[in-house]
Each structure stands twice: as structure tokens, then as C-alpha cells.
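Reading through the C-alpha cells given below for one structure.
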Amino acid sequence: MENTKDLSEHSSRSKRKRRDSFGMFDGYDSCSEDTSSSSSSEESEEEVAPLPSNLPIIKNNGQVYTYPDGKSGMATCEMCGMVGVRDAFYSKTKRFCSVSCSRSYSSNSKKASILARLQGKPPTKKAKVLQKQPLVAKLAAYAQYQATLQNQAKTKAAVSMEGFSWGNYINSNSFIAAPVTCFKHAPMGTCWGDISENVRVEVPNTDCSLPTKVFWIAGIVKLAGYNALLRYEGFENDSGLDFWCNICSSDIHPVGWCAASGKPLVPPRTIQHKYTNWKAFLVKRLTGAKTLPPDFSQKVSESMQYPFKPCMRVEVVDKRHLCRTRVAVVESVIGGRLRLVYEESEDRTDDFWCHMHSPLIHHIGWSRSIGHRFKRSDITKKQDGHFDTPPHLFAKVKEVDQSGEWFKEGMKLEAIDPLNLSTICVATIRKVLADGFLMIGIDGSEAADGSDWFCYHATSPSIFPVGFCEINMIELTPPRGYTKLPFKWFDYLRETGSIAAPVKLFNKDVPNHGFRVGMKLEAVDLMEPRLICVATVTRIIHRLLRIHFDGWEEEYDQWVDCESPDLYPVGWCQLTGYQLQPPASQSSRESQSGSSKQKKKAKSQQYKGHKKMTTLQLKEELIDGEDYNFLQGASDQESNGSANFYIKQEP
């Protein structure tokens, strides 16, 4: 089989001094187990070092929120105090300016006292309608809000995992994790081979008190992403000492490694007297079995080498204004994920997280070559040590032919709202750009100057032809203020005098991705892209996945492409040293010690993702006057493919 080898070849290895052909320790009984006290220090020196303490830690910057003014058409966010157009606010009640604010508010046990502080009044159970504020007051409030965010960023607290264990979580609930092969961008994603249950490996023997670090052979009982549930050979059906570990860790080796490295194989103390001839036992058990490839650790190391380096300059979408890009510098690289700091950020707290294959980042000069809107940096020349990232390192978009029938301005389609990824909305192509990029606006919530347009590539899996949601039984979000419900595309097209984008122009490729409903994984919360959370695939529509964050309501779900670089196998955070956000509520079944139910815990809010544009944001953009519109406009988001589409005809 590919990436496996027959273990029978090891049975004929030449004998070593004091070790047999399997590297077994001769005379186990001659080594007194009373030496356990002296073995602890030696064992600890050989243990794998813990993850560096200087790795980025997701921190918490608590925020809070206020109330909508239905009479005046304005609203104030109940979490952050942002004042803006009511229709641009999130949720049916319009109480919050974004998903992040809604989420923070629902999890904040001190919301009453915070509301009182924001309003300057004692907290009440019922919100009071705020009076419409003059523009100057709104701008002042927004400036104060931004300053508050910056101050909070300096005093963030680390997020505690509260004892979360993937192994316990999966075992206690009989969950299934998405296989590593589903994630081509992740380490070992393209060379995982047929690693599966019953594969044998050599691992440290923890059921032993010898003065040196020793090993024993274990078999994979269950796989969950990178994590494997292992059972020592000789335990048969006894799961008493089963343990979870990351199969890519430095302590996991193919069978034969001990013999080649001069390391002793010692049976666990619990079963040491079960057999008198352990060598014969191993020969019988391992002949014909499969193990890891001999170069497995080398492949793991190579797959975790990333071409992006600190100090590289890129163009990245402006997280406050999706219609434009800005220059940013790579601050750090973790598992292929980049922490980018906007170039003009003096205190280096104005940052943005994304994967190196994200469609949101581009080489320097990309905006000018495409015609994309661009915010010029206040920095007139590159700082010492900073250099432009080579263009070939960025994700390539599929080439398209725009010379024939192509998308046209004003055509209607359906698109995932990048500011509310749980919804697919009625949308319009506002500009047709070069190289297959399209500027798109969500019907009913667009700014007059196009400040809230966003860009998808024509092959993006985030855009769909008219009728896609109806055919696939997905709720389509109609334009804000549209009263003729239920929404009907044919009526809407007739009323607006519009035409639908031709179905044949959409990418209909659907890869054999391997995802199944119910599979567990680690997923980026794209509304707060620093956070990677425990998540579940709850729905699959061709190549489109509905990602649910465990412990959170469905309104926080996100539609994501099956090839998105923001999805990772179980165990990815542990492998790369990234902080994993546990489910919002911890129950006793996930606790290793079986302790009492843990307190409900909200996701940390140390990073605010994309928010709906408000009047204040638009005014600020008009005031700064630093945008540059090149000749052809362009994009910040794309991906590969879409799904199979059909249009339901009506009489």
C-alpha cells in the first residue's frame, strides 16, 4: 500500500548487543523498578519541550452594546455604542452593529452595568429610545469608540482553554472528525496516504518506571484529524490505558525506529508478566501489519515550512472598508496563517489575520494593475528590513475569458454577504473589473458612493446564479425594505427591470472533497479572524459547507467553501501552536476529571471582524480623502469553483 511498509522485514534484523531484533530491552526484570525516583529527572530531560510561551495567544478585550432608535431611522449598538443607520444593523431587532457585538452582548454577564455606564443612567430592563444625534456628535462618538478599542487591545487577557480536550470531546460524544485529506492546504494534507486504524507505531511507554525513556508499540484505534487514539500492543480489548496523541508529534515513530536508533522497547508494567516471550509475541502481531512511512517525520517537517516570512509587505483588504486595500506587513507566521499589521499602525495593534492562500491578500502593485480602490499609506518609503513579497507566492485565480458572453453591470445574482456569512443575499454586479473580478453590492443596503461594495472573482464559490437558494432549499435574504414576501426572483427582476447573470458563467466544478455532515474540525471565525474554534459541518450543498461553531446559536453559522484555507483538521492548533477556542459552553462530559459542569464561556472579542458600513464610517471615509480609484476597479475575494446550478422555470 502507498505510504506503508510491510513489517515482516524487521523480523530478520541482526541482533544488537543487549537488544533483540525489535530493539527490546533484554533483562527487563534485572532493572529494578524501585529506581523510579531517580528516573524522573532523566525522563523529563528527554521529553519534548512544551510549546514556546511567546506564541501568540488569543486575548480578550471585552466590549458592550446599546439600543435602536426606530423613530429616527438611526440606531446605537448595544455593545459598542456605535451610532449608524438602523437598516445597516445586524439581526431583526437591529440592536447591534455586527455579529461580533451581538455575540459579545449575549455572553457578557455584566451587560446591565455596562449599559448604565454607556447611557449615564441606572440600568433598566427595557431599552430606551435614543434621540437622533447631530453629525458632529456621531463623529465624536465614533472617534471615542475607536480609541477605546485601541486601549483595550493593550490590556487583553489570555483565553483559558478550561481543560478542553479533543479526545475527551470526541470519545464522550462518539463524534467523527474530518480526515486530514480534506484539507489540502494543511500540513500533510496532500501526502497523508492511507494512515488509518490498525496502523502500528512506536511511542513512549508511560506505564513504566525505568530510569531511561523507553518505548513500546501501539496501534491506532481511532483517528480524528491529526489525533489518534492509541492502544499498547498486548492490551487486546482492554482500553484502560488508551491515550490520545497527535500523530505528527516528534514522539511518534514508525515500527523499526527503536531498533535503528538504539532505543529500548519495553512492555508496559501492567502487562509485563502476560507473556514470557515478548519477541515472539511482537513477531506474530506485527508480521504483515502496516506502519508509518520511514520518512513520515521528514514530510511533516517539510509540510510545515512556509514561504511567507516576517517583514514581507502585501496588499490586503481594509478590514474597515471592504471596497479598498491597504499595505500591510507580515508580523508573524503560524501554521501558514499570517498576522498582518497595517503599515501605518504606529503601535502595531491594527492588525489582520488570514491564511497565506487567502484571496484577501495580494502582491504590492496588485491594486494598481487591476484598478482596485486603494488607500495610500502615510509611509512614504519602506521601513528598513521590509521588502515586497514575490508575486508568485500568492494564490492563483483561475483564468477566464471575458471576450465573449460575460458578466455585465446591473446583472442580478445571489452572494454570501461577507459581513454576515450566515446569509446568502440578493445581490447586483456593480462593476466588471479586469482579470475576472467583480464588484458586488447587496441589494437594499448599499451606500450611494459604493463604499460598501465588495469584490469576488467570477470563479468564486461565494456567488451563485439566480435561483440557487430555492433549488437547494436555502433561505435567501431579500433586499432590506422589500415588502413583497415571500420573495420571488421573477417578480423582482420584472419590478427592477434587471436580468439574471447567465448560469453558464458560474463555476460549477465540485471536487470530491470528502466532507460529511456531522464531521468535526477546527474553523476560523471569519467575523473575528484571529479565532479558530471547535466546529461542525452541519450541511453540504455541492462544494458549499455550513459551518456551525459548537456551543453557539445557528445564527452565527458561516457558509464556507470546501477548499477554504480557513478550515483545518482536528489537532491543527496543537500541531502548530495556535490557540484553539473551545465550545462556548463546557459540560462535565468533556472534563478529564469528571468535575462539575463548567461555566458558560463566550468567545473572546479581542478582534473585531468586518462590520456593516454605517453613516459614521462612510463620513470618516469621505473625510480622510486618501482613497485612489484606478481605471478598472477590482477585487479582494475569490476562491475556486461553485456548484451545480439549475434555474427553476415559472410560467
Side-chain angles (χ1 to χ4, degrees), residues 51-52 54-58 180 183-191 248 298-319 325-345 348-370 372 374 377 379 382-397 457 522-526 528-532 561 563-569 572-579 607 609 634-640:
L51 292 174
N54 60 351
L55 287 174
I57 297 177
I58 308 301
V180 174
F183 310 88
K184 305 304 181 186
H185 58 281
M188 301 298 292
T190 58
C191 53
C248 294
Q298 180 182 347
K299 287 183 177 180
V300 171
S301 178
E302 291 174 351
S303 67
M304 295 182 68
Q305 301 299 314
Y306 308 105
F308 281 80
K309 308 297 180 185
C311 297
M312 284 184 170
R313 300 172 76 240
V314 301
E315 288 185 7
V316 62
V317 64
D318 187 336
K319 65 182 181 181
T325 57
R326 298 168 64 183
V327 174
V329 178
V330 177
E331 179 75 10
S332 59
V333 183
I334 303 178
R337 287 183 58 75
L338 313 177
R339 178 180 180 251
L340 303 172
V341 176
Y342 290 113
E343 196 168 52
E344 59 269 35
S345 176
R348 310 194 70 75
T349 60
D350 190 7
D351 61 0
F352 185 82
W353 282 86
C354 67
H355 192 271
M356 63 182 183
H357 295 323
S358 170
L360 302 177
I361 60 172
H362 311 275
H363 62 84
I364 297 297
W366 176 86
S367 295
R368 182 176 293 277
S369 65
I370 294 298
H372 194 276
F374 177 78
S377 172
I379 308 297
K382 286 185 288 188
Q383 298 182 18
D384 293 341
H386 293 178
F387 57 100
D388 296 349
T389 306
H392 71 272
L393 297 185
F394 296 87
K396 302 296 187 295
V397 296
H457 192 262
E522 298 176 3
V524 175
D525 181 349
L526 293 170
E528 298 199 33
R530 276 203 231 182
L531 306 184
I532 296 183
D561 181 57
E563 295 182 342
S564 169
D566 295 309
L567 303 178
Y568 304 99
W572 181 89
C573 283
Q574 178 189 3
L575 177 64
T576 61
Y578 206 95
Q579 177 95 23
Y607 172 81
S635 116
D636 55 59
Q637 296 196 9
E638 56 81 30
S639 230
N640 241 344

Item checked: Closest non-hydrogen atom pair, S564 against H185 -> O-CE1, 3.1 Å
Note to self: Does any part of the side chain of L575, heavy atoms only, come nearer than 4.5 Å to the side chain of M304, both counted from C-beta?
What the structure shows: yes
Note to self: Measuring from atom CG of L338 to atom CD of E331, what distance do you get when rounded to the nearest 0.5 angstrom?
What the structure shows: 11.5 Å
Item checked: From CD (E315) to NE2 (H372), nearest 0.5 Å -> 9.0 Å
Margin query: Treating S301 as the side-chain partner and Q298 as the backbone partner, does any N or O pair qualify as donor plus acceptor under 3.5 Å?
Written below: no
Notebook entry, point to check: Measuring from L531:CG to Y578:OH, what's the distance to the nearest 0.5 Å?
Noted result: 7.5 Å
Notebook entry, point to check: How long is the gap from CG on L393 to CE on M312, to the nearest 0.5 Å?
Noted result: 5.5 Å
Item checked: T389 side chain to R313 backbone, donor-acceptor under 3.5 Å -> yes
Next item on the list: Of all the heavy-atom pairs spanning M356 and Y306, show the shortest one and how long it is.
Entry: CE-CD2, 3.7 Å
Checklist line | Residue list, salt bridge (Lys or Arg N to Asp or Glu O under 4.0 Å) with D566, at least two apart or on another chain | finding: R337
Margin query: Would you compute the distance between atom NE2 of H357 and atom NZ of K396 and round it to the nearest 0.5 angstrom?
Written below: 10.0 Å
Notebook entry, point to check: Is any side-chain heavy atom of D350 closer than 4.5 Å to a side-chain heavy atom of V341?
Noted result: no
Note to self: Less than 4.5 Å apart, side chain to side chain, heavy atoms only: is that true for I532 and W572?
What the structure shows: yes
Next item on the list: Check T349 against R339 and note the closest heavy-atom contact, atom names and distance.
Entry: CA-NH2, 4.3 Å
Note to self: How close do V314 and F394 get, counting heavy atoms only, and between which atoms?
What the structure shows: CG1-CZ, 3.7 Å
Notebook entry, point to check: Is E343 reaching over with its side chain to a backbone N or O of V329, donor-acceptor style, under 3.5 angstrom?
Noted result: no
Note to self: Between K309 and V330 (side chain of the first, backbone of the second, donor and acceptor by atom type, cut-off under 3.5 Å), is there such a pair?
What the structure shows: no
Margin query: Walk me through whether F352 and L360 qualify under side-chain contact (heavy atoms from CB on, under 4.5 Å).
Written below: CA-CA 10 Å; F352 185 82; L360 302 177; 3.7 Å; yes
Margin query: I'd like to know whether M188 forms a side-chain contact (heavy atoms from CB on, under 4.5 Å) with K299, so could you lay out the CA-CA distance, the side-chain angles of the two residues, the decisive distance to 0.1 Å, and finally the verdict.
Written below: CA-CA 7 Å; M188 301 298 292; K299 287 183 177 180; 3.9 Å; yes
Next item on the list: Kindly give the heavy-atom pair with the smallest separation between Y342 and V316, and that separation in Å.
Entry: CE2-CG1, 3.6 Å
Checklist line | Side-chain heavy atoms of W366 within contact of P391, under 4.5 Å | finding: no
Margin query: List the residues meeting side chain to side chain donor-acceptor pair (under 3.5 Å) with S345, not counting sequence neighbours, and say none if there are none.
Written below: D347
Checklist line | D388 side chain near H363 side chain, heavy-atom distance below 4.5 Å | finding: no
Margin query: Going by the rule side chain to side chain donor-acceptor pair (under 3.5 Å), which residues pair with Q305 if we only count those two or more places apart in sequence or in a different chain?
Written below: none
Check: Are side-chain heavy atoms of K319 and D351 found at a separation under 4.5 Å?
Finding: yes
Checklist line | Heavy-atom closest contact (W353 atom, S332 atom, distance) | finding: CH2-OG, 4.3 Å
